[in-house]
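Let me begin by presenting the structure, written as structure tokens, before commenting on it.
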Amino acid sequence: MNATAESRLTPRQRLSRGLAYSAVGPVDVTRGVIGLGADTVQATAAELRRRYRRGQLSRDIAAAQETIAQELAAAQEVVSSLPQALQDARKSRRRRSKRPLLIAGVAVVLLTGGAVAFSIVRRSTNRDNPDPSPRPPSVDVQPRP
């Protein structure tokens with residue numbers, strides 16, 4: 001086998017091949033054991049990271065619960081002051097409500113006037129200057145008896 005085929009073997013395959021063949025056996029057994037050991041160390045490290053994250057996660061969850069409790073208290077305070085805020089908003093809205101309605105009414109009148117003027121101008125230009133086609137008609141204009 002060439003070097004690229006050997007590097008594609010997993011440590012477990014290399015160990016089993018090393019135990020099966022006597023010529024390359026000691027090398028493959030050694031590489032297989034080292035590879036299995038490396039895989040074991042990697043899996044152990046991953047498990048330790050997972051356990052650490054789980055512990056960190058429990059701390060994060062506790063902090064999030066505390067933050068949620070604070071947010072709920074703040075929301076409760078806002079809800080309790082909501083009727084007063086609505087009253088204040090209604091009072092201030094009554095004073096300012098005429099101006100936006102006036103602006104909206106003027107805008108609607110201007111848009112309507114512009115649309116009417118555009119349609120009148122367009123109709124008058126189409127009636128005054130019909131564009132005859134320079135090509136002869138494709139059907140007979142005179143009906144046949």
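None of these values were measured; they are calculated from a predicted model.
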Quick check: closest heavy atoms across D39 and P11, and the distance to 0.1 Å? OD2-CG, 3.6 Å

Determine the minimum heavy-atom distance between V108 and T112, stating which atoms define it. O-OG1, 2.8 Å

At what distance, to the nearest 0.5 angstrom, does CZ of R49 lie from OG1 of T44? 10.5 Å

How many angstroms lie between atom CG of D60 and atom CZ of R54, to the nearest 0.5 angstrom? 14.0 Å

Is the number of heavy atoms from other residues, nucleotides or ligands under 6.0 Å of [X] [atom1] greater than 12?
X	atom1	value
E47	CD	yes
R59	CZ	yes
Q76	CD	no
Q70	CD	yes

Mind checking side chain to side chain donor-acceptor pair (under 3.5 Å) for R53 and listing every partner two or more places apart, or none if nothing turns up? none

Please report the C-alpha distance between Q13 and T10 in whole Å, then the side-chain angles of each, then the deciding distance to 0.1 Å, and finally whether the side chain to side chain contact (heavy atoms under 4.5 Å, CB included) criterion is met. CA-CA 5 Å; Q13 290 171 336; T10 64; 3.2 Å; yes

Between the side chain of Q84 and the main-chain N/O of S81, is any donor-acceptor distance below 3.5 Å? no

